[in-house]
Participant: 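Here it is, the structure, as structure tokens.
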Amino acid sequence: MAPKAPKFEIKTPKGTKDWDGVDMVIREKIFSTITDVFKRHGGTTIDTPVFELKEILAGKYGEDSKLIYDLADQGGELCSLRYDLTVPFARYLAMNKDIASIKRYHIAKVYRRDQPAVSKGRMREFYQCDFDIAGVYDPMIPDAEIIRIINEVFDSLGWKGTYTIKLNTRKILDGIFQVCGVPEPLLRPISSAVDKLDKMPWEDVRKEMVDEKGLDPAIADKIGKWVVLKGQRDLLEKLQADEELSKNESMKQGMADLDTLFTILEYFDALHTVSFDLSLARGLDYYTGVIYEVVTEGSAPAVSASEAAAEAPSKSKKKSAKSSDPDEDRSNDPTLGIGSVAAGGRYDNLVGMFSGKTQVPCVGISFGIDRIFSITKARMAAQKTTEKPRKNDVDVFVMAFGGGKDFTGLLKERSQVCARLWDAGIKAEFLYKVKPKLPAQFKAAEQNGVPFALILGDDELAQGKVRIKEMGLPAEHPLKEGELISLEKLEEEVQQRLVLKKQLDSIVREAAGLRVVHGIKSDDVQVSSTDSPTPLVTEQPTPATSDVQTAERPAEAEAKAAGGSNP
């Protein structure tokens, strides 16, 4: 007897989701793309516990500390789920004093009790991909390489020309605040307020600084003249030309750092994506120098909170209470954007918080996978001609051909062929039926866009041969029905065709002016082959012919072309 259904609602906790199917394929491709860039720059990976001692995380995140998930005492220690991967890395360095320098990357889940907006990638459980450079080096060289890594990651994802790296330095921001007269205790709270300028107009930020933080209105007005500015060397030169600012020691250090950074970025061919933005503050307390975050379309909200309040009709008290629920999913809230898709900066003192006198200067970047995924999915949905990603990477579907009462299904032969292909590193599968029908086998192969079918028949096997057939070829193609290959040289023959197909598909895409743009195909962008980024997702196979047909034929037609079908 089946057990009774539970009385509680079966669902995932708020701010979390299950990942499966095509979503997993896209996410794994994002992981592999980012990891390839990290390894290219000499990164070595580590892993740390998903929870840390509560005291390790305390006092590192400023106002965001309220978002930390604390765990109950279940073993004599108070612990919290990790909020990011940076503080655990600093703790790791403090514990391993023999590590004087390291390029480290870490891909793992982190946890924040923030108000979720799942469809916008704002989760309570989410992945971060971090790359950090720790050690004593000459100024701004590691910082510049981090910016270069950001460029390589997003260009490899197909985002070239659609993202901006907003950059500032805490030294310049603190210098501006000091010159304007911000009291020392208010430096971090005011910095946190300024950081909201990407979500709110200056009037709303000023109101928060004055009404909520207690800042003198005249000081707020002085700050407002600077924090709305952005540029590159032109803005830096404007700051350097201001006599009052240039006297401030923090400003001097910050401007010298940026002058050096811009020069090295030019060497790296990585300055073109950077916007020197004085509104960027980054609310986390551990940053000490250069800070940056990456934004793209979808990062900012559709409307500001003040605009929404002005336009919204009067609501009942009940609805107002619901909208302020910190656990409510805000995916449909137009005042909430996806936010930055990557962020980081320099944190020279964080390791010293754990190890006392020992300081290990660090600089790093963290990529928000769920936000990158959300934007990628939105762009793919907007392009109606986009082909669906494959759910796996199988290259060959092994089939049995035959019918009638004497048909055995060739289970032994199919299993042996698959075993040989697997041993050769070729991705293969077959239908889990003793006597499979050919149309059903073709349908299974088509559903996942498998490029090749390997068809086994009694007559061909008796000759020591099998038929290999490329899926999706047009009816007039000379190899539509496939070709016989030697069973003895099976692995070699299959490998040759896989390599050839990959080459021909690349040529066809270039000839047709196709490019994967923003993670999707676009036929109105012409580029050279050297400028084409790696596709974000594995696509359905494109026929290896200039007479491209985008849709594969039905399974019945494929079965007929192969020479018949089972009853």
Side-chain angles (χ1 to χ4, degrees), residues 139-148 150-151 154 161-182 187 190-206 209 219-283 287-297 299-300 340 342-346 363 365:
M140 297 295 107
I141 300 176
D143 308 66
E145 184 171 2
I146 293 292
I147 300 295
R148 170 72 194 201
I150 296 172
N151 281 326
F154 286 108
T162 68
Y163 65 93
T164 299
I165 303 174
K166 296 169 59 177
L167 182 144
N168 199 2
T169 169
R170 274 284 175 84
K171 295 176 182 178
I172 284 181
L173 201 60
D174 287 350
I176 290 175
F177 292 162
Q178 291 167 6
V179 171
C180 291
V182 177
L187 284 178
I190 296 305
S191 178
S192 178
V194 168
D195 197 44
K196 298 175 182 177
L197 277 170
D198 62 334
K199 312 177 191 71
M200 301 160 51
W202 164 247
E203 291 74 18
D204 292 350
V205 172
R206 182 186 183 281
M209 290 194 297
I219 296 177
D221 291 336
K222 290 180 181 179
I223 293 173
K225 295 178 181 178
W226 292 108
V227 296
V228 295
L229 301 178
K230 47 185 80 169
Q232 278 189 352
R233 281 197 180 273
D234 56 335
L235 178 53
L236 179 59
E237 291 168 358
K238 183 174 183 177
L239 294 175
Q240 292 169 331
D242 187 280
E243 187 174 342
E244 190 175 9
L245 289 177
S246 60
K247 292 179 181 179
N248 180 272
E249 194 59 37
S250 181
M251 284 292 299
K252 286 181 183 178
Q253 295 176 11
M255 291 187 294
D257 285 346
L258 282 194
D259 196 13
T260 302
L261 179 62
F262 287 157
T263 298
I264 301 174
L265 287 175
E266 289 173 347
Y267 298 159
F268 279 154
D269 189 24
L271 184 58
H272 59 284
T273 58
V274 170
S275 171
F276 177 22
D277 191 329
L278 289 176
S279 71
L280 180 64
R282 303 289 299 147
Y287 288 122
T288 59
V290 172
I291 49 178
Y292 32 77
E293 66 180 27
V294 183
V295 295
T296 184
E297 62 265 27
S299 291
S340 60
R346 175 160 287 279
V363 62
I365 181 66

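Atom set for the values below is all heavy atoms of this structure, side chains included, hydrogens, waters and symmetry mates excluded.
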Participant: Would you give the length of the straight line joining atom OG of Ser279 to atom CG of Leu173, rounded to the nearest 0.5 angstrom?
Facilitator: 9.0 Å
Participant: So, for Glu243 and Lys247, which heavy atoms are closest and what is the spacing to 0.1 Å?
Facilitator: O-CG, 3.3 Å
Participant: Counting C-beta onward and ignoring hydrogens, is there a side-chain heavy-atom pair between Thr273 and Ile150 closer than 4.5 Å?
Facilitator: no
Participant: Check the pair Leu261, Val290 against side chain to side chain contact (heavy atoms under 4.5 Å, CB included), reporting the backbone distance first and the verdict last.
Facilitator: CA-CA 9 Å; Leu261 179 62; Val290 172; 4.3 Å; yes
Participant: Just wondering, do Gln240 and Leu245 contact through their side chains at under 4.5 Å, heavy atoms?
Facilitator: no
Participant: Can you tell me how far the CG atom of Leu167 sits from the CD1 atom of Ile147, to the nearest 0.5 Å?
Facilitator: 5.5 Å
Participant: Evaluate whether atom CZ of Phe268 has more than 12 neighbouring non-hydrogen atoms of other residues, nucleotides or ligands under 6.0 angstrom away.
Facilitator: yes
Participant: Ser191 side chain to Leu187 main-chain N or O, any donor-acceptor pair under 3.5 Å?
Facilitator: no
Participant: Of all the heavy-atom pairs spanning Ser275 and Lys230, show the shortest one and how long it is.
Facilitator: OG-CB, 4.0 Å
Participant: Side chains of Tyr292 and Val274, heavy atoms from C-beta outward: is any pair under 4.5 Å?
Facilitator: no
Participant: Does any non-hydrogen side-chain atom of Asp269 lie less than 4.5 Å from one of Arg148?
Facilitator: yes
Participant: Could you tell me the separation between the CG atom of Asp143 and the CG atom of Leu265, rounded to the nearest 0.5 Å?
Facilitator: 9.0 Å
Participant: Would you mind reporting whether Lys225 and Cys180 have side-chain heavy atoms less than 4.5 Å apart?
Facilitator: no
Participant: How about Val194 and Met209: do any of their side-chain heavy atoms sit closer than 4.5 Å?
Facilitator: yes
Participant: Can you tell me how far the CD atom of Glu293 sits from the CG atom of Asp195, to the nearest 0.5 Å?
Facilitator: 6.0 Å
Participant: Measure across Ile264 and Ala144 and return the closest heavy-atom pair with its distance rounded to 0.1 Å.
Facilitator: CG2-CB, 3.4 Å
Participant: Would you check if the side chain of Asp277 reaches a backbone N or O of Lys166 as a donor-acceptor pair within less than 3.5 Å?
Facilitator: no
Participant: As a quick check of understanding, evaluate salt bridge (Lys or Arg N to Asp or Glu O under 4.0 Å) for Glu244 and Lys222, giving each step before the final call.
Facilitator: CA-CA 13 Å; Glu244 190 175 9; Lys222 290 180 181 179; over 6 Å; no
Participant: Name all residues meeting the salt bridge (charged side-chain N to carboxylate O under 4.0 Å, His left out) criterion together with Arg170; count only those two or more places apart in sequence or in a different chain, and write none if there are none.
Facilitator: none
Participant: Test side chain to side chain contact (heavy atoms under 4.5 Å, CB included) on Met140 and Asp259 and set out the steps.
Facilitator: CA-CA 9 Å; Met140 297 295 107; Asp259 196 13; over 6 Å; no
Participant: So, for Pro139 and Thr260, which heavy atoms are closest and what is the spacing to 0.1 Å?
Facilitator: O-CG2, 4.0 Å
Participant: Will you find, in the side chains of Asp257 and Thr169, an N or O donor that is under 3.5 Å from an N or O acceptor?
Facilitator: no
Participant: Rounded to the nearest 0.5 Å, what separation is found between the CD atom of Gln178 and the CG atom of Asn248?
Facilitator: 5.0 Å
Participant: Between Thr164 (side chain) and Val295 (backbone), is there a donor-acceptor pair under 3.5 Å?
Facilitator: no
Participant: Calculate, to the nearest 0.5 Å, the distance between atoms CG and OG1 belonging to Leu271 and Thr263 respectively.
Facilitator: 9.0 Å
Participant: Of all the heavy-atom pairs spanning Gly175 and Met251, show the shortest one and how long it is.
Facilitator: CA-CG, 3.6 Å
Participant: Quick check: closest heavy atoms across Phe276 and Gln232, and the distance to 0.1 Å?
Facilitator: CD2-O, 3.7 Å
